[in-house]
Every structure is written in structure tokens, then in C-alpha cells.
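Not measured: the values here are computed from a predicted model. What you see below is based on every heavy atom in this structure, not just the backbone, and it leaves out hydrogens, waters and symmetry mates.
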Amino acid sequence: MAQKKPKLIPNSAAKNLKPEVKRIDRSAYFARREAAKVLRNVLQGDARRRAVGSIKSLVYSPSIRNKKATYALVCQTLKHLPIIKDVLEAANVLSGKWKRQGELIYIITYDILFGQEGSLIGDAEKFLLLKKDALQSALAQILKRKGMKDVKDLMASAISSSSFPASDVPKPRYVRVNALKMDVESALLELRKQYEVLQDDTVHGLLILPPGADLHNHPLVKNGSVFMQGKASSMVAVAVGPKPGWEVIDACAAPGNKTVHLAALMKGKGKIIACELNKERVQRLEDNVKLAGATNVKVMHDDFLNLNPEDPSYSKVRAILLDPSCSGSGTVVDRLDHLLPSYGAGNADPSNTSRLRKLAAFQKKALEHALCFPAVERIVYSTCSIHQIENEDVVNSALPFASTHGFQLATTFPQWPRRGLPTFDGSQHLLRTDLVEDKEGFFIALFVRKNKHQLGTVQKSTDKKFTRKKKRVNYLIAKMLGKWLYTQLT
């Protein structure tokens, strides 16, 4: 608890600082504001159970300049957030205009109570530094009430009671070479100047770097020549197997890593319709598409369920990648979801089961919608979830519908050892990655059409007028149900 008091530097005094000191303080000032912006998005998304992006993806977006400092501030503030909230409430300092800037107050309070010694400039910093004695007194009372000697004991107690999965073995850093801009050999030559680099034996163009390798500011990442993308995520587009010249739909495309991977596999030829409903995520999708140089991608700000399979615009679509909203339970380590307020309560909260059921209903509806496109030959359904209800159960429930449309399950990556849970006949075609063994839990199912003319033959044998009317009614019902499910999830 014995910490030196940070030196208060009024705004008016900032001009008199030495250039090098002033630069450091100004950098910290802006890092706190950037961290507050990210923290606001994270907490709002967590409260709605519909995140705009993971903590990492938000921090490492192009709009954030001081990425390292911002990342550290966001993570550390989230780790200490329950304590920070208790302290602010006990000290009764969060009121008036500062209450409307809660995230910035959380960030500065962390810096004052737990951060490194340093100078603090800014009006919010000045306000809280004047309240520092009250903040420290409130913290001391909280520790006493909980029977803890110091903050480290309090944090250790919180971690020991958490259900966060153990991660003793560090995860390697994976990067995928963007074939639209660079070949694998050139990427290896450049990256090996700084790191030991291996090639993955499952996904062509996927490179393996040492754990902790920080590439966020590397020129190849910043110019879109390589994308930081996990192994399991990189397997999804490969499972789709698109050919150059095809028309493909990426049904839930943002942030766009899989979208631009599809574009690279298609060698920039053909057309990819990338759907995304969320406005903020559309911007991130467009940024990634532009960064990758994926000129054959058309971003569509719309719900995939609003696309009419009978529309001639989609009559040549031959493949669909469906990676819908899911619980994200397979990427809690990478996404840092264990830091979110909802994580600790989510496992014991009955509403979490209800949420999983709603997600599964939405996922099934989206999958059945994908199966309705008449010219589609291949559909990949994938999630970053470990839950059977979102994976095997969704696929199994959609199989009768798939069969009537001429689809069956096929095996993707047959050499991969971990397959679907044996809950139904055919689950051996499904693919899983393991949260412990592979450091991420993904699920991939591949549907292929047995005979792409089969559906058309069946339709021709019925009354055409009745069939068209029935299709239209079914489409409207599906659209209405899809919108209802979406509102339930948000």
C-alpha cells in the first residue's frame, strides 16, 4: 500500500515541461482516453451479451495509436474492476459529470491506486488526485472487511474462485500469409529476420511463431501482407474450398479474417458477398477487406436472413460460409473473456443456458436458410464454441431439412484427429479443436450437395404456381422468425 504519490501536473504547466517529459506524459494522457473508449465498448457489449469485438481486436484496431499502453490499461483495469467499483462507491467520488465518463474514471483510478508511479495530466486526473486520500482509505476498509492483507491477496482469492481454464503451456503466435499480397517464401524470409518461424502442416500459408511474438506493429501486418489469425479460424475458409471465379456468401462476415482468406483462396477472382448486420462491425470488415486488397469482396450491411434465395442476384452462389453469432466459449483465452464482468457469473447463471438455447435456435435458422440457395454446392457451418448445443445439436437438428435439399455431411480435414461428439450417426464427419490441446475450441461442419440438380427435379414435378407461393410464404415466415430471434439475442 505504501506508494509514492503521483505528481500532479496542471494543464497550464504542461507547456513548461522538457520536451521528452512532455511527450511521455501526453502519450500516457491519450493512452488513458483510448483505453477508456475501448473499455466502454467492451463493457457495453458485455452487458448486451453482443460484443462489437474481442478486447484484443478493439485495442489493435487502426484507430488506436498507442496500442501497447492501451492494451495494458484495459486488461489491468478489467482485472481490478470489481475492486475499483467498490472503492469509488465507498469513497462516494463518482458523481456529477464524471459519472458520465465512468470508463475514464475507472482507468485513472487504476493508475492512481495500482499503476506505476508517474505524472498525471488532465482534468479528470486532477479531480481524482485530489480525492486520492479518500480512495486509499476506502481501499483499506475493503481489505479489512474481506480479511485480506493487501490487494495481491484479494486478487489471488478472486482468481482461485474463478472457473477460468488453466493455460500453463503458452500458445504459439499464428500468422496467415495473405496470398493476394505476398507469397509464403517472401514472408518467411522477412519474418525470420526477427523470429524463429515454422510452417503449419494443416493450413497452407499459416506460419507459427514463438508465443508472445508481438507483430501488431510489424510492417507486414500493417500493410496486410500477413494477418494474425489462429489455426482453427484459418481452417474454416479452407474447408469451404472455393474455386477462383466462384460466387460465395460469407453470411456473418465481420471482422473479416475468414472473408479475406476466402478471397485469397479464390485468387481475387469471382465474387464474395460479405454480410454483416452490426454497423460498427461493418466498418471493421471494410477496413480489413481494404487492408487485404480483396477487391472481389462486396460488403453488404444487412442481415443474411434478409437475403432471398430466389432472388436472381444469388442464383450463381456456389458456396456459403456460415460462422454465426455464438457463445465464444472456445476462445475465452484469446478474447480475454475471463476478464469481463459477465464471465464469473455466466457459468452459474441460469440465464446463460437460456442464452445458449436462443443462440442455437438462431444458428439453426441461419443454417437452414443457407441450405435454401438453389445453386449452392458447399456450406460450412462453424462456431468458436465448445458447447454441444451450438455444434452437434444444431447440425443434427438441421439434417432432415438438409437432406430434402440434397445435402449431406462430408469430412473436412480427414487427417485431423479430433472429430465431433458421437451424439448421432454421421458425427464422425464433424471437426472439433480442443480448448486444452489446441488452445482454442472450434467446430466445423461441411455440407455438400449430393446432386445439385436434385432439388430442381423435385420442384418441376409439382405445380409451379403453388410451389412459388409456398416458397414465398416460407421465406416470409423464416424472415420474421429470424428477426425475432435476433432481437432476443440483442
Taking side chain as C-beta onward, heavy atoms only, is [X] less than 4.5 Å from [Y]?
{"X": "V299", "Y": "I273", "value": "no"}
{"X": "L43", "Y": "L81", "value": "yes"}
{"X": "F114", "Y": "I83", "value": "yes"}
{"X": "L209", "Y": "E196", "value": "no"}
{"X": "F227", "Y": "L291", "value": "yes"}
{"X": "V260", "Y": "V297", "value": "no"}
{"X": "I208", "Y": "Y174", "value": "yes"}
{"X": "Q363", "Y": "P324", "value": "yes"}

Can you tell me if [X] has over 12 outside heavy atoms packed within less than 6.0 Å of its [atom1]?
{"X": "K290", "atom1": "NZ", "answer": "no"}
{"X": "K131", "atom1": "NZ", "answer": "no"}
{"X": "H204", "atom1": "NE2", "answer": "no"}
{"X": "R192", "atom1": "CZ", "answer": "yes"}

Donor-acceptor pair, [X] side chain versus [Y] backbone, under 3.5 Å?
{"X": "D214", "Y": "H216", "value": "yes"}
{"X": "H369", "Y": "L307", "value": "yes"}
{"X": "S137", "Y": "D133", "value": "no"}
{"X": "N257", "Y": "Q229", "value": "no"}
{"X": "N223", "Y": "P219", "value": "yes"}

| query | Cation-pi between R33 and Y29: NZ/CZ under 6.0 Å from ring centre and within 45° of the ring axis? | reply |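 Yes, R33 sits over the ring of Y29.
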
Is it true that the side chains of [X] and [Y] contain a donor and an acceptor less than 3.5 Å apart?
{"X": "N66", "Y": "S27", "result": "yes"}
{"X": "H218", "Y": "Q194", "result": "yes"}
{"X": "N391", "Y": "T383", "result": "yes"}
{"X": "Q388", "Y": "D393", "result": "yes"}

Kindly give the heavy-atom pair with the smallest separation between [X] and [Y], and that separation in Å.
{"X": "N178", "Y": "A264", "result": "OD1-CB, 4.1 Å"}
{"X": "V184", "Y": "Q199", "result": "CG1-OE1, 3.7 Å"}
{"X": "L277", "Y": "D303", "result": "CD1-N, 3.9 Å"}
{"X": "V226", "Y": "A187", "result": "CG1-CB, 4.4 Å"}
{"X": "C326", "Y": "R355", "result": "O-NH2, 4.0 Å"}
{"X": "L135", "Y": "L128", "result": "CD1-O, 4.1 Å"}

| field | Electrostatic pair D323:K258 at N-O distance under 4.0 angstrom | value |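 Salt bridge: yes.
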
| Less than 4.0 Å between a side-chain N and a carboxylate O, is that true for D438 and R418? |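 Salt bridge: yes.
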
Quick one: which of [options] gives a side chain to side chain contact (heavy atoms under 4.5 Å, CB included) with [X]?
{"X": "S186", "options": "D183, L188, L189", "answer": "D183"}
{"X": "P255", "options": "Q283, E276, R281", "answer": "R281"}
{"X": "T77", "options": "V38, T109, V42, I107", "answer": "I107"}

| field | Step-by-step side chain to side chain contact (heavy atoms under 4.5 Å, CB included) determination, Y110 to I84 | value | CA-CA 7 Å; Y110 165 76; I84 291 171; 3.8 Å; yes

Gap separating the [atom1] atom of [X] from the [atom2] atom of [Y], nearest 0.5 angstrom:
{"X": "L104", "Y": "E125", "atom1": "CG", "atom2": "CD", "answer": "6.0 Å"}
{"X": "L367", "Y": "I320", "atom1": "CG", "atom2": "CD1", "answer": "9.5 Å"}
{"X": "S233", "Y": "F442", "atom1": "OG", "atom2": "CZ", "answer": "4.5 Å"}
{"X": "I108", "Y": "D111", "atom1": "CD1", "atom2": "CG", "answer": "8.0 Å"}
{"X": "E440", "Y": "I386", "atom1": "CD", "atom2": "CD1", "answer": "13.0 Å"}
{"X": "I444", "Y": "L430", "atom1": "CD1", "atom2": "CG", "answer": "10.5 Å"}

| field | Worked verdict on E392 versus R432 for salt bridge (Lys or Arg N to Asp or Glu O under 4.0 Å) | value | CA-CA 10 Å; E392 287 85 1; R432 273 182 173 264; 2.8 Å; yes

| field | Audit row: T353, L356, side chain to side chain contact (heavy atoms under 4.5 Å, CB included) steps and yes/no | value | CA-CA 5 Å; T353 301; L356 287 175; 5.6 Å; no

| field | Mutual orientation of the aromatic rings belonging to Y381 and F443 [parallel < 30°, tilted 30-60°, perpendicular > 60°] | value | perpendicular

| said: Between I272 and T259, does the side chain to side chain contact (heavy atoms under 4.5 Å, CB included) criterion hold? Intermediate values first, please. | reply: CA-CA 8 Å; I272 299 171; T259 311; 4.1 Å; yes

| said: side chain to side chain contact (heavy atoms under 4.5 Å, CB included) for R176 and H261? Distances and angles first, verdict last. | reply: CA-CA 9 Å; R176 180 181 56 77; H261 193 184; 3.5 Å; yes

